[in-house]
Every structure is written in C-alpha cells, then in structure tokens.
Amino acid sequence: MRALFFNKIVFAIILMTALDSCSSYPPTDLTKNSIIPRPVSVVATHGTFELTQDAAVYVPEGSNELAHIGNYLAGLLNGSTGFNLSVQPTPNAPLKGNILLSLASDDTELGDEGYELTIGKDLVRLAASQPAGLVRGIQTLRQLLPAKVEAETPQEGPWLLATGTIRDFPEYAYRGAMLDVARHFFGVEDVKRYIDHIAMYKMNVLHFHLTDDQGWRIEIKSWPNLTKHGASTQVGGGPGGFYTQEEYKELVRYARERYITIVPEVDMPGHTNAALASYPELTCDGKAPELYTGINVGFSTFCTSKEVVYQFIDDVVRELSEMTPGPYFHIGGDESHSTKEADYIYFVNRVQPIVESYGKRIIGWDEIANATLADNAVVQYWAKDENALKAVEQGAKVIMSPASRAYLDMKYDSTTVLGLSWAGTIEVDHGYNWDPGSMVDGIGREDILGVEAPLWTETLTNMDEIEQLVFPRIAGYAEIGWSRPDMRQWDDYKVRLAQQRERFEVLGINYYPSPLVPWRKEDETAK
Ligand code: TNX
C-alpha cells in the first residue's frame, strides 16, 4: 500500500518536471522570445529577473511626462500581478529588484521611438532617447512576461524575465491602422479598445475615418445638423451615432497617452451623402438627398463650384484641427466617381490651402495625386500604382495601404463570413509576405512614410466582428512597419504569432484561428 502511494508521488514528480521543461520556465534565454514586431537586436545573458511585490517603477525626478509613462507601466502590471507597484523618483541608492525608466538623449540611433531594454538579474532598465520610445519598450516588456500579465484580475506568479539586452527601433515613422466609424458607428469604449490593440504592437497612428455617405460622426458646432441628422443612421438602417467634441478630445487624450497620433479624415468631395442630406446647399441642385444605408460607393459629391462648400470645409477643418494635436489632416478624395475630373482637381487644389491654413499636413487617398499637391502632402496608396508614382514625382511621401495586402476588411478565404473580397482574399501569410519598399515599381523605401492597414466596416457591427478581421493580421502589419525586411520571414513569424494566442485569449480578443499558424495546444503553452 505504502509502495503504491510512493510510486504515485514519484510519477507525479516526473510528470511535473516533464511539463516544466516543455514550457521553458523559468526563462533563461532572452533570444527565445516571441516578440512582435521582431526587435532589431536581442542579446541573452542567461539569467533570470524576478518581478516581486517589493518592486517599484523609478523615473527621473522632475518630469511629469515620464511619471505618466511610469504610471502607464504600473497600471499594466498591477492588475494581473496583484502588486501595488508605485512610481518613484530615481534615487541614488541601490535599486535592486526594480524597473528603471530613463531618457538617454545622446543615443541618437534609437530615434524618436527606439529603446534599449536591459534586463539584469537585479534590475530592469528601459532607456530611450524620447518618451515615445519608453512606451514602445513597455510593449516589449509586456510581451516578455507570461501572457496572463494581460489579465485584469490578480494571477499567480512568479513573474520572471530572461536577462539580456534588446535594442530596437522602427523601420518606418508612420505605422497605422484605420477605423471606419462612418459605415457602422462604434462608441468611445470600442475605439479605446482598438487603440489599445494597436498600441500593443507599437503602431503609432489611428486614422479615424469620421465621415462617409452613411454617416457624419463628429460634432461640428458651426454646422449642427451634420450630427443631428447626418449621424442618425448607418449601414443596415441602425441608429448610428457620433462623438461629441468632448468625446473626441477624450479619445485624442487616450491615444496620446499611448503615443498614438489620431489622423482625422473628412472624406470629400465624394463619400459625402450624409453631409449633403444635412445641408442641401452643399449640392448643385440644392435638394437634400435621403440618408443612405446601403454599401455602394461613388454616387455623392459636393458641388465644387459653390463658395458655400469651401466655407463649410473651412469651418469643419478649423473645428477638427483645433481638437487634434497631431500634424495631419486626411481629406479623403477617393472614389469621387460623380465629380467631373476637372472639378475634382479644382476642388483638391482649393481644399489643400484651407487645411494648410490650420497648420496641418495633408494626407489624401492616392487619387489626390492627380491634383497639384501641396508641399509636404502625403498620399495614401490603396489602388493605383500610377497615382502613387504621380505623388512621388511631385515630391510627396507615400503611405502604403495596398488593398490586396493590407485591407483588414478583406476576407481571409472564401469561407470567411464577414468582410468583403473585391481586392481578393487575404490569408494571414498573404497579408504578411510583402515589403512596402518593393511593392510598386519606382517607389522605394525613401519615398515611403510608412504603412497603414485600413478597416472598413460595411459588414461589421460590433467589436467581436471587428476583432475577427483585425486579429491576427494586425500584428503582421505592425511588424511590416517596424521590422527591417531582412528580419521578416513567415516561417519564423508564424511561430511567434502562434505564441500570441494566449494573450488574445486573456484579453478576450475574438481572433481568427488561421490554419496556417501553428497555434500551440493547451498543454504546451507557457505558464
Ligand atoms: C474602397 S479604399 C473604399 C471604401 C470602401 C472600401 C471597402 C477606399 C479609399 N475607398 O470606401 O469602404 O473600398 O473595402
């Protein structure tokens, strides 16, 4: 009887040891990480750091901005660890067991968003030349901790990190995702969740598609009917909605805290039915069209020869620019199929100086390259190579959003229920395997400001549906924007992506379990 009991114990110990070795815990090799986007360099020193309840986050004295970033980090860690890490000014005394944030402005290689994360047995140091770099480095630190760090409620530790040094900085300055809140409206909490999702992968731009045929989603005080009437519905006829200026400012603040720039888009002269329905003087015949709840494009246009149109645009750009600290204003300009070519060019040439007069740099979809571009204008390539080439010939920079690769609203394959397929289907590998600098003949890395993945929401009505199309592809677009092309191989990426699954689950993200990704089985996942 006793022998049997003893045998059982021995067996249990052997089993536990075997499981432990599969999960490589405690972690000792920093090069065995699953960080997305892949960092520039990782050097392991083969030890382990343990984060305990005695730790604090230290920041240089006298900087509110760094204290704020320290709080952001403590906030990410405290919920799941159950610790009560506080933010303290860096003392001269020993800092054993703590996390230390600092600025190293002489480390110019790191640029605006790079960071160096040095994990020692006794101390974690995160340094950057600019504050934004610290926030990017915090995302790396997050991904090095067990997935359950993403939980909101206390989880059991230990909270261990392999020791070593990561030096990292982005390939492209602009790394974004777009959210269309015009076809279907999404409230402030949904947008914040979207912002958190993109922040996790070190993206730095939320392009906010605020207006379209189906709805006008931002309060403009000088033209109140835009939201009173123009926001009252959406695709399918639901109630729609809009952001008050206070809500918009709150989103700007939330994004800014994560060093994410909001780029507001007012799409024009096409995609304007909601505005035309609200103010008939913006149409040529002076008649208000009905609100539109279908998903066709190309049927609406501002009356480009009327002065009131430019007064209207001036007011809209002014009110929106005043609430938008970022440098960009997106004027849309796509699919204006009901605007005569000459009128379209006249219109874009008139609108650009208005935007510039409010201190903003213009972005437009690639069609705007047919006009005479303002100095410093940025053209967002989505469809036509010739337009992107015209942009570069005029000295503009290009954002790469090729629909056949980077559109988050394209289906994964023919069985995907949500999404569209006019630009083809985009499986996870197809969305990952392309390089912005060699996508269009004649457009090289030096012409490119960055990469953006747009999400159009004709078929999406809630956050679960958004996430089904966004995850896991968003991680790939983030890596394309951040990591050098020679650092990106699908076979390596798909393994790192598989290891993100547990994070998606802890965060309650409704991801698409692509058959091309070797998602790890439950019993093999790291603790
Ligand atoms: C094209 S891409 C559009 C949008 C649609 C999208 C659907 C672009 C600049 N215009 O109006 O929502 O396709 O995928």
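Throughout, residue positions are numbered sequentially from 1 according to the sequence presented. The figures here come from the full heavy-atom set of this structure, side chains too, leaving out hydrogens, waters and symmetry mates.
- Asp285 pairs by the side-chain contact (heavy atoms from CB on, under 4.5 Å) definition with Thr283, Lys287, not counting sequence neighbours.
- Tyr201 and Phe471 have tilted rings, their planes meeting at an angle from 30° to 60° on a 0 to 90° scale.
- Across Pro269 and Thr339, no two heavy atoms sit closer than the pair CG-OG1, 3.9 Å.
- Residues that satisfy the side-chain contact (heavy atoms from CB on, under 4.5 Å) test with Asn510, not counting sequence neighbours, are Asp464, Glu467, Gln468.
- Remark: the Trp382 side chain and the Glu335 side chain contain no N/O donor-acceptor pair separated by less than 3.5 Å.
- The number of heavy atoms from other shown groups lying within 6.0 Å of CG (Asp375) does not exceed 12.
- For Tyr292 and Phe299, the gap between ring centers is short of 6.0 Å.
- Between Glu219 and Thr227, the side chains place no donor N or O within less than 3.5 Å of an acceptor N or O (distance only, hydrogens not considered).
- Tyr412 carries Arg473 over the face of its six-membered ring, with the cationic atom under 6.0 Å from the centre and within 45° of the normal.
- Comment: Arg318 engages Asp315 in a salt bridge, judged by a side-chain N to carboxylate O separation of less than 4.0 angstrom.
- Scanning for side chain to side chain donor-acceptor pair (under 3.5 Å) contacts around Asp334 gives His271, with sequence neighbours left out.
- With hydrogens and angles left out, the side-chain atoms of His184 and Gln234 include no donor and acceptor closer than 3.5 Å.
- Closest of all the heavy-atom pairs between Gln143 and Met200 is NE2-O, 3.4 Å.
- Ring geometry, Phe312 versus Phe302: the interplanar angle exceeds 60°, so the pair is classed perpendicular (tilted spans 30 to 60°).
- Using bins of under 30°, 30° to 60° and over 60° for the plane-to-plane angle, the ring pair Tyr310/Tyr346 lands in the perpendicular bin.
- Side-chain polar atoms of Trp482 and Asp168 form a donor-acceptor pair below 3.5 angstrom.
- With sequence neighbours left out, the side chain to side chain donor-acceptor pair (under 3.5 Å) criterion links Glu322 to no other residue.
- Aromatic rings from His209 and Trp365 are positioned such that their centres are separated by 6.0 Å or more.
- The salt bridge (charged side-chain N to carboxylate O under 4.0 Å, His left out) with Glu479 is formed by just one residue from the set Arg175, Lys202, Arg38, Arg496; it is Arg496.
- Under 3.5 Å, the side chains of Ser336 and Glu367 contain no donor-acceptor pair of N or O atoms.
- The shortest heavy-atom contact between Lys360 and Gly326 is NZ-O, 2.6 Å.
- Classified by interplanar angle (parallel below 30°, tilted 30° to 60°, perpendicular above 60°), the ring pair Tyr493/Trp490 is tilted.
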Check: Could you go step by step and tell me if Trp216 and Tyr279 meet the ring pair (Phe, Tyr, Trp, His ring centres under 6.0 Å) rule?
Finding: CA-CA 12 Å; Trp216 184 284; Tyr279 286 102; 9.1 Å; no

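- Nearest heavy-atom pair, Ala371 versus Val348, reported as atom, atom and distance to 0.1 Å: CB-CG1, 3.6 Å.
- Checking Thr301 against Ser338 by side-chain atom types alone, no donor-acceptor pair falls below 3.5 Å.
- Cation-pi geometry between Arg445 and Tyr172 is met: under 6.0 angstrom from the ring centre, within 45 degrees of the axis.
- For Phe208, the ring-ring contact (aromatic ring centres under 6.0 Å, His included) criterion is met by Tyr243, not counting sequence neighbours.
- Side-chain atoms of Gln139 and Arg142 form a donor-acceptor pair, as typed in the model, at a separation below 3.5 Å.
- When all heavy atoms of Ala403 and Met410 are compared, the closest pair comes out as O-CG, 4.0 Å.
- Contacts of Leu373 classified as side-chain contact (heavy atoms from CB on, under 4.5 Å), with partners at least two apart in sequence or in another chain: Gln352, Ile368, Ala369, Ala377, Val379, Ala391, Gln394, Ala396.
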